[in-house]
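To start, the structure itself, in structure tokens.
Per chain, numbering begins at 1; letters A, B, ... match sequence-line order.
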Amino acid sequence: MNIWIEQQRALIDFTLASLARRKARNLGLLAVYTLLVFVLASVALFSHALRHEATRVLADAPEIVLQRLVAGRHDLIPPGYLEKIGNIRGVQKMEGRLWGYYYDPVIKANYTFMVPSAGGVERGTIVIGAALERVRGLALETGISFRAYSGKLYSFVVADILPHDSELVSADLVLMHEDDFRTFFEFPAGHYTDIALAVANPQEVRNIAAKLAAALPDSRPILREEMLRTYASIFAWREGIVLAILSGAILAFAILAWDKAAGLSAEEKREIGILKAIGWETGDVIRMKIWEGVLISLTAFLVGYVAAYLHVFRGGGVLFEPVLKGWAVLYPRFQLAPEIDGLAVATLFFFTVVPYTAAVLVPIWRAATTDPDAVMR
Amino acid sequence: MIELIEVRKAFNQGKHNEFWALDGINLCIEAHRVTALCGPSGSGKTTLLTLIGCLARPTSGRARFKGEDISGLPERFLTQLRRRSFGFVFQQFNLIRGLSAEENIMLPAAPSGLPQHVVRARAAMLLDRLRLAHRRTARVEWLSGGEQQRVAIARALINDPEVLIADEPTANLDTTLAREFLAILESFASEGRTVILSSHDPLVIQSAAVHRVINMRDGRIVANYHDA
Ligand SMILES: Nc1ncnc2c1ncn2[C@@H]1O[C@H](COP(=O)(O)OP(=O)(O)OP(=O)(O)O)[C@@H](O)[C@H]1O
Ligand SMILES: [Mg+2]
């Protein structure tokens, strides 16, 4: 055991000394390699955390949302609809929701105005998302005026700011009292934007949706599972773009690794011959090269992965924002909760460390099995 | 110490350019002595050294090392035997460029599993003995020819071998350095090592440091005389 450790130490010492001889080249290789791992790991961590976040947010969303359609367009729910639905078995809770979009010409962005179902916002006050806080420079107890579509100006006092950890979905939210909402939008009394239904048993969701469609033929039930699928496909599409860019980087790296593998120089062959002649076994030469591959690829993997972790969870994934986020005009700036997928780490490890080490080894194998007497001439 | 019986060595056997570099060598090399192989270029000196040093196997015939038949040993055992019992000084020195003198000297010990500090101490001792201590950390390609050769000698001795094999050791040295080298050889023999070298340098062959000269021609031994 001790002998084995000492052997590996000696081999590693030699590997490091030998790598240090071509510092610029090997550091360049390490940098490209690290960058590759960094980008790959960033995408993996980012999209995984984002998906996790979206699932978490949607978990609180109602199982079914009912919208009324007029001429195929989303329209208001007129009074009496809640009653018309009446008592469908399996529906735990049913409520009309009030929300709408407001275009703010000051910052040229849309907000979502919403009346929270639980209430809790006093008349004349609003609760705002963090993006709004930032962009309009608002703070607690400050006032802000919005010009309604009718042309009238309404003022509100900021009573609270939504927590930053949910910023992904709440960035552009403005929560207000029902009366304020109705006056501001001149929203007719008794009308709602849509209806949210809570269903206890997930097996019954489709059944209930069918019953709803039958009872209210001008309405369309939207299921949470469908929303989840939509989110998933949006993420998949965005990931696709990044992966397309990435495949270019991977190709470049493959060429680099191949070049290193194929271009086993005469000098390297000579050195392997010398090592064999002075008493190294074929296995020692190969072990030494395994260390070389492992040292380079493991360093690249660790540094790249840690950098990606910091980038995504401490730096908010700044480099990807334009591609991976941005369905709201108001830019969410959020800290994703650190979420690591063990399988993804293992996959990334396998696909970065193993091919490189193998690429280094294959040609060495051939050189290392040549006869040692060749160095005598 | 080393016994060769009817040893033959062919290159490219069975092909149109088949060539017998050694053709029936019978030889017995005594321990603790300096033996020189000499003969014209192409006579098979280097080939014979590779067989003696376990770098290659004879095509036919037997080779014994300390009474044990080594001609049939598998590669792994040959390598081990080579590492433990033989040290090599090659004609072109064959040092690894870019590494320091010390790193080069320590290389043959890497597979042995000896603790690094032991190997380093031994390397320091050898450097001292060969008057190279001040060049310990210098890259080998910056060293002069004579210094490079002394690094090669130190490397050959790091595993404390019983047999030192040197192929044309003085070919790249001037007269003074060659004399110095012979003096070093003599000290090895007197401390109990066996030295086998090849040379066509009269300075080496006629030197008092060489105890026995074996003359070769066309893969055969033609004359073989001992010193007094
Ligand atoms: N790998 C090989 N393939 C074919 N022929 C070889 C090979 N190695 C050596 N020879 C031939 O075997 C013969 C003996 O070669 P060897 O190197 O042993 O000679 P030498 O006595 O050491 O010569 P020199 O004094 O020039 O070093 C030469 O004719 C050489 O061409
Ligand atoms: Mg020769």
Side-chain angles (χ1 to χ4, degrees), chain A residues 1-27 264-292 364-377, chain B residues 9 11 45-47 49-51 53-57 75-100 102-120 139 141 152 155-156 158-159 161 165 167-168 198:
Chain A
M1 192 61 199
N2 253 337
I3 290 188
W4 189 85
I5 292 174
E6 288 296 342
Q7 271 176 348
Q8 306 314 312
R9 266 190 61 187
L11 292 181
I12 291 173
D13 275 3
F14 173 66
T15 305
L16 289 177
S18 133
L19 284 176
R21 289 183 295 176
R22 284 175 282 264
K23 248 192 213 105
R25 187 180 180 279
N26 287 318
L27 284 180
L264 191 61
S265 62
E267 176 78 4
E268 276 177 290
K269 280 187 196 143
R270 193 184 79 99
E271 284 175 7
I272 290 171
I274 295 173
L275 292 175
K276 289 206 72 177
I278 61 176
W280 285 39
E281 281 169 35
T282 307
D284 295 321
V285 176
I286 289 169
R287 268 188 288 270
M288 183 264 289
K289 281 290 165 180
I290 291 180
W291 278 120
E292 182 183 320
I364 294 294
W365 192 279
R366 292 220 307 276
T369 46
T370 53
D371 284 335
D373 63 337
V375 284
M376 289 286 265
R377 17 207 114 254
Chain B
K9 176 75 179 176
F11 290 108
K45 303 180 295 292
T46 300
T47 310
L49 286 181
T50 63
L51 296 187
C54 301
L55 282 166
R57 287 201 202 87
E75 157 96 31
R76 259 181 78 86
F77 291 96
L78 277 185
T79 309
Q80 270 181 23
L81 182 65
R82 184 161 78 235
R83 184 170 69 238
R84 297 212 181 107
S85 306
F86 293 91
F88 295 88
V89 179
F90 305 100
Q91 185 172 347
Q92 285 90 12
F93 309 141
N94 278 336
L95 299 173
I96 294 197
R97 296 167 59 84
L99 296 189
S100 71
E102 185 188 48
E103 282 163 339
N104 264 283
I105 292 169
M106 288 172 68
L107 268 184
S112 70
L114 278 175
Q116 292 283 84
H117 65 268
V118 173
V119 180
R120 188 159 287 132
R139 284 163 157 246
E141 63 266 33
R155 183 179 69 180
I158 191 76
N159 285 335
I165 290 177
D167 192 20
E168 307 277 359
S198 76

**Prompt:** side chain to side chain contact (heavy atoms under 4.5 Å, CB included) between B/R57 and B/L78: does it pass, once the steps are laid out?
**Reply:** CA-CA 9 Å; B/R57 287 201 202 87; B/L78 277 185; 3.6 Å; yes
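- Between B/N94 and A/R270, the side chains place a donor N or O and an acceptor N or O closer than 3.5 Å (distance only, hydrogens not considered).
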**Request:** Begin with the C-alpha distance, continue with both residues' side-chain angles, and end with the deciding distance and a verdict on side chain to side chain contact (heavy atoms under 4.5 Å, CB included) for A/I278 and B/N159.
**Result:** CA-CA 10 Å; A/I278 61 176; B/N159 285 335; over 6 Å; no
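- Of all heavy-atom pairs spanning B/R83 and A/G279, the tightest one is NH1-O, 2.9 Å.
- Residue B/R155 comes nearest to B/F93 through the heavy atom pair NH2-O, 3.1 Å, listed as atom of the first residue, atom of the second, then distance.
- Contact count against chain B (heavy-atom pairs under 4.5 Å) is highest for A/K276 among A/R287, A/Q8, A/K276.
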**Item:** From CA spacing to verdict: side chain to side chain contact (heavy atoms under 4.5 Å, CB included), B/E75, A/E281
**Value:** CA-CA 9 Å; B/E75 157 96 31; A/E281 281 169 35; over 6 Å; no
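- The two atoms that bring A/E271 and B/R97 nearest to each other are OE2-O, 4.4 Å, heavy atoms only.
- Neither the backbone nor the side chain of B/E168 comes within less than 4.5 Å of any heavy atom of chain A.
- Neither the backbone nor the side chain of B/R84 comes within contact range of chain A; no heavy atoms are under 4.5 Å apart.
- For a residue to count as touching a neighbouring chain, one of its non-hydrogen atoms must lie under 4.5 Å from one of that chain's; by this rule A/E267 touches chain B with the side chain only.
- Contact tally against chain A (heavy-atom pairs below 4.5 Å) for B/L99, B/L114, B/T46: the top residue is B/L99.
- Looking only at heavy-atom pairs under 4.5 Å with chain A, the residue among B/T50, B/L51, B/L107, B/T47 that has the most is B/L107.
- In this structure, the portion of B/E103 lying under 4.5 Å from any heavy atom of chain A is its side chain and not its backbone.
- Heavy atoms closer than 4.5 Å to chain A are found in the backbone of B/L95, but not in its side chain.
- Residue A/R22 does not touch chain B at all, counting heavy-atom pairs closer than 4.5 Å.
- Among B/A110, B/P115, B/P111, the residue with the largest count of heavy-atom pairs under 4.5 Å with chain A is B/P111.
- Contact detail for B/L55 and B/F88: the closest heavy-atom pair is CD1-CE2, 3.6 Å.
- Contacts of B/R82 with chain A are made by side-chain atoms alone, with heavy-atom separations under 4.5 Å and no backbone atom involved.
- Ranked by heavy-atom pairs under 4.5 Å with chain A, the list B/A156, B/G98, B/P108, B/S112 is led by B/P108.
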